[in-house]
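Naming convention: chains lettered A, B, ... in sequence-line order (proteins, then strands); numbering from 1 in each chain. These numbers were taken from a predicted model, which means no experiment stands behind them.
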Amino acid sequence: MSQLQPIKGTHDLMFEDVRRHRYVEETAFEIARRYGYGEIATPVFEFTDVFKRTLGDTSDIVTKEMFTFETKGGDNITLRPEGTAGVARAFISEGLAQQTPLKFFYRGPMFRYERPQKGRQRQFHQFGAELLGVASPQADVEVIALADHILKTLNLTGTTTLELNSLGDVESRLAYRDVLVSYLKGHEDKLSPDSRERLIRNPLRILDSKDPGDKAIAANAPQFTAHLNTASQDFFKAVQDGLSALGIGFKVVPALVRGLDYYGHTAFEFTTEALGAQGTVLAGGRYDGLIKQMGGPQTPGIGFAAGIERLAMLLPEIAAEKRPIAVIPIGDEESKVAQEITAKLRHEGFTVDMGYGGNMGKRMTRANKIKAVAAVILGSDEVREGVATVRNLDSGEQVKVAQADLARHLAGHK
RNA sequence: GCGGGUGUAGCUCAGUUGGUUAGAGCAUCUGGUUGUGGUCCAGAGGGUCGCGGGUUCGAGUCCCGUCACUCGCCCCA
């Protein structure tokens, strides 16, 4: 076992892992484009303040999970723990308020200083979408439809469930919070220590506690949906009706809440049973207060983020990589011809690998290892005659083909 | 930050109640003569048993510590 190890919670991705990773990203981006989303790539680090202001001083992410450090110039910066804050900051920095509605798609690494476990790394990857400047519930429906569409395309709708809830507008949320806290205070002695702490910092979180005792108390708690004001109720209903009209199935889960402070109204999550404790695969919601809270003009927004590693783990199977053609020269003089032929075939669109040395047996072994469909063999005889021996590596059949006809002959393997 | 599990060859693992030179499969390399792989056969290389200490005549095996990985709690995607 080597002494050199990657930093805790980080991984070297290669071969199949990277392919699955990319497949998730590309698929998501491809669908997002159809919905009119354009990619935005914000920096992986920001001033620490950007996250503190958006995520709230009391959230766990800010209080204990950020990679924060000081630069040589004395700036306090943080590796982004999530993507929305950066997009919101860019929206303000670039003065984009005049151009709404705006649809952004992003992808890339995120960093959280947590204890790693299944489906949870310190450097992980997300893709996400943000729709800025639309207050109507139509936006919520479209964003959820996009998420659903992506998961459908990834063939994951069978393994995931859409959970939906409304956190209401600010008025409803504050009112409900009071009702909930006074109910929970009545049971404070029976709450878990964690939840007693949450009672002060984030009482809504107690609703989705995993502690059995908490669950029993939460089950009888006053329901959020019953405390929404009329406007919030109408909004929630419009979202539900819109989803139903599109044939998107969902489950209303009153206990579904958010850890981040800027969410209101619609909250949604696609969850799975297949990943152990880290069941959330894609989550999002509406954040109408965020831009203003950061110092920009009042701008409604809604978006989601998805964990690429988690999705990649769920992925059933992806199409095999394209099989290359192996060009195998025998001898120095032949190598020159082989190099030309290789270059030509590549420019014609073929995937071609040429051995780097060794005798013919070695090169054949390599051709086999890289799963080549065919070997193009160039010995002295072939070069003299201006032909190549093409061996089908599955059947073992060999034919001589004029070098000028190679592209046509191999066309099926493009 | 808290709890459980696991660390033996490049990979996946075996290693009996502590007992000589620590094993297997896969992978790698060589050979089975010339310009033919994948199959088959023969052989080879590769391990300070995570690290440090302790118990013992003797430790991969028992004890303590430490580090790493892993699963769960917390939190989240």
Inter-nucleotide P distance (B:G1, B:G47), Å rounded: 36 Å
Proximity to the side chain of A:Arg198 - top-ranked nucleotide from B:C69, B:C75, B:U70: B:C75
Between C1' of B:A77 and CZ of A:Phe268, the distance in whole Å: 12 Å
Distance in angstrom units between A:His21 NE2 and B:A77 P, rounded: 17 Å
Integer-rounded Å distance: B:G10 P and A:Asp12 CG: 17 Å
Separation of the P atoms in B:G35 and B:G15, to the nearest angstrom: 48 Å
Within residues 111-121 of chain A, residues whose heavy atoms come under 4.0 Å of RNA chain B: A:Arg112, A:Glu114, A:Arg115, A:Gln117, A:Lys118, A:Gly119, A:Arg120, A:Gln121
Spacing between A:Glu65 atom CD and B:C73 atom P, to the nearest angstrom: 14 Å
Under 3.5 Å on both distances, the Watson-Crick or G-U partner of B:G43: B:C29
A:Glu163 CD to B:A77 C1', straight-line distance once rounded to whole Å: 14 Å
Rounded distance (Å) that lies between atom C1' of B:C76 and atom CZ of A:Phe270: 17 Å
Dump every N/O contact between nucleotides 35-39 of chain B and the protein below 3.5 Å, one line per pair.
from, atom 1, to, atom 2, distance (Å)
B:G35, O6, A:Asp381, N, 3.2
B:G35, O6, A:Asp381, OD2, 3.3
B:G35, O6, A:Glu382, OE1, 3.2
B:G35, N1, A:Glu382, OE1, 2.8
B:G35, N1, A:Glu382, OE2, 3.1
B:G35, N2, A:Glu382, OE2, 2.8
B:U36, O2, A:Arg391, NE, 3.2
B:U36, O2, A:Arg391, NH1, 3.1
B:U36, O2, A:Gln398, OE1, 3.0
B:U36, N3, A:Gln398, OE1, 2.6
B:U36, O4, A:Gln398, NE2, 3.3
B:G37, N7, A:Arg391, NH2, 3.2
B:G37, O6, A:Arg391, NE, 3.4
B:G37, O6, A:Arg391, NH2, 2.7
B:G37, N1, A:Leu393, O, 2.7
B:G37, N2, A:Asn368, OD1, 2.9
B:G37, N2, A:Leu393, O, 2.5
B:G37, N3, A:Asn368, OD1, 3.2
B:G38, O4', A:Asn368, OD1, 3.4
B:G38, O4', A:Asn368, ND2, 2.6
B:G38, N2, A:Asp394, O, 3.2

Spacing of A:Asp194 atom CG relative to B:C74 atom P, expressed in whole Å: 6 Å
Integer angstrom distance from the P of B:U21 to that of B:G58: 14 Å
Whichever of A:Leu282 and A:Ser209 has its nearest RNA chain B nucleotide further upstream toward 5': A:Ser209
Test log, rule salt bridge (Lys or Arg N to Asp or Glu O under 4.0 Å), inputs A:Glu25 and A:Arg22: CA-CA 5 Å; A:Glu25 274 187 3; A:Arg22 289 287 171 257; 3.2 Å; yes
Spacing of the P atoms in B:U20 and B:U61 (rounded, Å): 14 Å
Verdict with reasoning, A:Tyr37 to A:Leu146, per side-chain contact (heavy atoms from CB on, under 4.5 Å): CA-CA 10 Å; A:Tyr37 286 73; A:Leu146 167 60; 3.8 Å; yes
Pairing partner of B:U66 (Watson-Crick or G-U wobble, both distances under 3.5 Å): B:G50
Pairing partner of B:A9 (Watson-Crick or G-U wobble, both distances under 3.5 Å): none
Pairing partner (Watson-Crick or G-U wobble, both distances under 3.5 angstrom) of B:A22: none
Under-3.5 Å donor-acceptor pair between A:Arg310 side chain and B:C76 base: yes
Plane angle bin for A:His187 and A:Tyr183 - parallel if under 30°, tilted between 30 and 60°, otherwise perpendicular: tilted
Closest-nucleotide 5' rank along RNA chain B - winner of A:Ile7 and A:Gln126: A:Ile7
Aromatic ring pairing A:Tyr287/A:Tyr263, orientation class (parallel under 30°, perpendicular over 60°, tilted between): perpendicular
Between B:C75 (C1') and A:Met66 (CE): distance, integer Å: 14 Å
Donor + acceptor pair across side chains of A:Thr389, A:Gln398 (<3.5 Å): no
Donor + acceptor pair across side chains of A:Thr84, A:Glu130 (<3.5 Å): yes
NZ/NE/NH1/NH2 to OD/OE distance under 4.0 Å, A:Arg384 and A:Asp381: yes
Ring-ring centroid check A:Phe127 A:Phe29, cutoff 6.0 Å: no
For B:G72, the Watson-Crick or wobble counterpart (both distances under 3.5 Å): B:C2
Integer angstrom distance from the C1' of B:G54 to that of B:G18: 15 Å
Sidechain N-carboxylate O distance under 4.0 Å for A:Lys152, A:Asp148: yes
Lys/Arg N to Asp/Glu carboxylate O, A:Lys336 vs A:Glu340, below 4.0 Å: no
Separation of the C1' atoms in B:A14 and B:C26, to the nearest angstrom: 15 Å
Gap in Å between the two P atoms, one belonging to B:A42 and one to B:C63, rounded: 42 Å
Counterpart base for B:G37, defined by Watson-Crick or G-U wobble contacts under 3.5 Å: none
C1' gap between B:U66 and B:C76, integer Å: 30 Å
Pair A:Arg107 + A:Glu26: basic N to acidic O under 4.0 Å: yes
Paired nucleotide for B:U16 [Watson-Crick or G-U wobble; both distances under 3.5 Å]: none
